[in-house]
Amino acid sequence: MMPLIQQILSEAGCADNPAVIEAVDEACYNQTSFVEAVLDVEGVRERDFLMALANTLNLPWWEASADRPAEPGLRRHLPAEIALRHRLLPILFEEPKEGDETLTETRLHLATFDPLNLVTHQRVASAVNYTIVWHVGQRTRIAEGLQKLYGLGADTFEKILRGRADWGSEELGDEVTVLDGPENEEASVVRFVNQILRRGLEQRATDIHVEPQQDRLRIRYRIDGRLEELAVPENIKSLQSSVIARLKIMARLDIAEKRLPQDGRINLELDGSPIDVRVATIPSVEGESVSLRLLAQQAVTIDRLGMTDNVRPVVDELLKLPNGIILITGPTGSGKSTTLYAYLTELNQAHRRIVTIEDPVEYKMPGVVQIAVKPEIGLTFATGLRSILRGDPNVVMIGEMRDLETTEIAIRAALTGHLVLSTLHTNDAIGGITRLVDMGVEPFLVSSAVRAFFAQRLVRKLCPACKKPAEVERSYLEGINFPIGVAGTIMRANGCEACRGSGYQGRLSIYEVVLVTHALQNLINARANPEELHRQAMNDGFIPMRGYGFQKVLSGETTIEEVLSVTAMDRKAEDIVSTRPAATKLKHAA
C-alpha cells in the first residue's frame, strides 16, 4: 500500500479496518479509484474520511449550504458532460479586477470527492483555460449540487445540441428520429425521459407533470401531496416536442394529434417491481401538457392504512356484513381508491366472488374479476353493473357513483344480498347522505341500503429520523379545540437528509365514520337537515375528522398544521375533542 494512502487511512481512523484494506488493495490492483472504493465500504463515514483526505492533501474543505446555492452562471465555465461524468461541482469563479493585486489570474474553484484522480485532472485541463482550485466535499452533497446547477440529464442535452447546432431556440416539430434513430443511447431523449421516470420513482412521487411554459419546459413531481419542481437544463425548451413525443409513444398515443386530450398507459419496472403509469395529455397554448400518475402494483392491506383503535374494529365488523353499501367519500387524491383496495384485499378469499368495475383499473388484484369502463363502446358503470349482477357476485366494487342510474342499481344490489363498496365525491361523511338524496335517490332507499359513510383525507407523516417535540402555546391549542391534557406528545417537522429537508416522509389517512344506526335511519327518512344528522351521529359515537387527526398528532405521526390544512372546524366545536371510542357494535337495522 502506498505511504500516502496509508497516511490518509490513518488520519481517517480506518487503517485497521480489514474491509477497507481489502477494498484499497483491490482498487490498486485494478487501477481504479481507491477513494471511491473506501467510500463504498459499509460502515465508513463519508464525511470523516473525506475530511481526513482533505487535511492530508492540504486542500480546502467545501461545505454545502442551502442558504448559499450555487450561482447559475457557474455552469458556463465547465461543460456539463465533464462535470457530471467526473462529478465535479463548480463553486466559485474569480477574475482579476483592475487595481486588485491579490488576484492575478482567472480561477475556477471545483469541489470533488476524489482529488487524486489523474484522469479527472487531465479532462479538466483540456476543457478549460482557467487555473483550477480544488476543494474536497462530500460525494452526496456534490451530486445534489450538480443536480441543482445543471439539471437532470444536462450531459445528454449538451451532446444532442452539439450535434444539432442549427436548431437554435426553435421547437423540433415531430423529430421522431431523435427518439428512434441510430444515435448513441447516452445522448438521446429516450435516456432523458427514463431519467425523469426513474428519479420520480426513487423520490416516491405519485405524479409527474410535464408543463410547457412560454420560455421553458417545467417538470414537477408531486411528493407526499406537495408539488416540487425538478431542476432541468436551461436548453430543454428547444427539445420540448421530442420529450413530449417520447412520452406519447411510450403511452401508445397518437403523436400527430395535438389538439385533443388523450389518455394512455405505460408499464414500467423498477428493481423487479411493476409500475403502472396513467398518462393524460392536455393541449395548451404553449404546447401539450403531460401528466403521469405513478401506481405501484403492491398489495394494499388494512394494516398499512394505520387506522386507530377507534376505527379499525368498526371496519372489521362492516366487512363481515353479507350485504349493504359501504361508501368512501372525499375529494380527488384523498386516497379513496387505496382504501377500497385494502378492503378488497381483506375480503379476497376463495369462498367469495368479487367483481369490480372501475375507470380505470388502478391496481390489478389476483383472484378478483376487474372490469374497465369503456364509454366509447357503451360499457358504462350502469351497463357493466347490470352484467355483473347476473354473474353471481358476493362483493361488488364500483369505482365511483357518478349518476342516479348507477346509484340505483348499486342500491338494488345491496338490497338483494350483495356487499357493495364504492366512492362518492363529498366533503365529509354526513355530506354523503345529502349527496345521494340530491342525486334523486329516495331517502328510505339510502337508509335501508347504506351501512356506513367514510370520509378521509391524506396528511404528511413526520420523518421518524428527525422529528422533534414541539412547544405550542396553550392559547393556540384552545383556539383550535385541541384535546389538552390527553396523553401524547406533539411533534414538529425538522428536516434531514432522509426526508430531503422537508421534515416529512410518506402520507397517512385520517378518517371519520358515520354508521347508519336506527336513529339516523329515522332522520334520513324524515329528510332531516345536515345539522340534525350530524348531531345524531355525534350521539352515536361519531368522531369528526379533525378529532381523528388530533389523535394522530398526539401519537407523534403528523403535525397540527397538516391536520388543520385538510380539515374544517366542526359544526359542534365542543365535541371535536371527543376521544371516546366509536361504537364497535353495528346498530343498523337488519
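Along the sequence shown, residues are numbered consecutively beginning with 1.
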S.K.: For Y341, check ring pair (Phe, Tyr, Trp, His ring centres under 6.0 Å) against everything at least two apart and list the hits.
M.R.: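 Y363.
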S.K.: Is the closest basic N to carboxylate O distance between K320 and D316 below 4.0 Å?
M.R.: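 Salt bridge flag = no for D316 with K320.
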S.K.: In plain terms, say whether R435 and D428 are close enough for a salt bridge, that is, a side-chain N and a carboxylate O under 4.0 Å apart.
M.R.: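 Salt bridge: no.
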S.K.: Among all residues two or more places apart in sequence or in another chain, which pass the salt bridge (charged side-chain N to carboxylate O under 4.0 Å, His left out) test with R204?
M.R.: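 Result, salt bridge (charged side-chain N to carboxylate O under 4.0 Å, His left out) vs R204: D224.
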S.K.: Can we say R216 and E211 salt-bridge, meaning some charged N sits less than 4.0 Å from an Asp/Glu carboxylate O?
M.R.: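 The answer is no: the pair does not qualify as a salt bridge.
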S.K.: Do E531 and R535 meet the salt-bridge criterion of a basic N to acidic O distance under 4.0 Å?
M.R.: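 No salt bridge links R535 with E531.
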S.K.: Among all residues two or more places apart in sequence or in another chain, which pass the ring pair (Phe, Tyr, Trp, His ring centres under 6.0 Å) test with H109?
M.R.: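 Only H135 meet the ring pair (Phe, Tyr, Trp, His ring centres under 6.0 Å) criterion with H109.
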S.K.: For H209, enumerate each residue passing the ring pair (Phe, Tyr, Trp, His ring centres under 6.0 Å) test, keeping only those at least two apart in sequence or located in another chain.
M.R.: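 Once residues adjacent in sequence are excluded, H209 has no partner under the ring pair (Phe, Tyr, Trp, His ring centres under 6.0 Å) criterion.
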S.K.: Give a yes or no on whether N17 atom CG has more than 12 heavy-atom contacts from other residues, nucleotides or ligands under 6.0 Å away.
M.R.: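 For N17, atom CG is crowded (more than 12 foreign heavy atoms under 6.0 Å).
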S.K.: Could you list all the salt bridge (Lys or Arg N to Asp or Glu O under 4.0 Å) pairs where at least one residue sits in residues 327-341, not counting sequence neighbours?
M.R.: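 Sorted result for residues 327-341: empty, none.
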S.K.: Has E471 got more than 12 heavy atoms of other residues, nucleotides or ligands less than 6.0 Å from its CD?
M.R.: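 No, because the 6.0 Å sphere around CD of E471 holds 12 heavy atoms or fewer from other groups.
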S.K.: Side chains of P212 and I244: closer than 4.5 Å at any heavy-atom pair?
M.R.: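 Counting from C-beta outward, P212 and I244 do come under 4.5 Å.
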S.K.: Mind checking what makes ring pair (Phe, Tyr, Trp, His ring centres under 6.0 Å) contact with Y511, not counting sequence neighbours?
M.R.: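 For Y511 the ring pair (Phe, Tyr, Trp, His ring centres under 6.0 Å) partners, ignoring immediate neighbours, are Y548.
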S.K.: I'd like to know whether NZ of K248 has more than 12 heavy-atom contacts from other residues, nucleotides or ligands below 6.0 angstrom.
M.R.: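 Atom NZ in K248 is packed in, count exceeds 12.
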S.K.: Do R507 and E557 meet the salt-bridge criterion of a basic N to acidic O distance under 4.0 Å?
M.R.: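 No, no charged N to carboxylate O under 4.0 Å.
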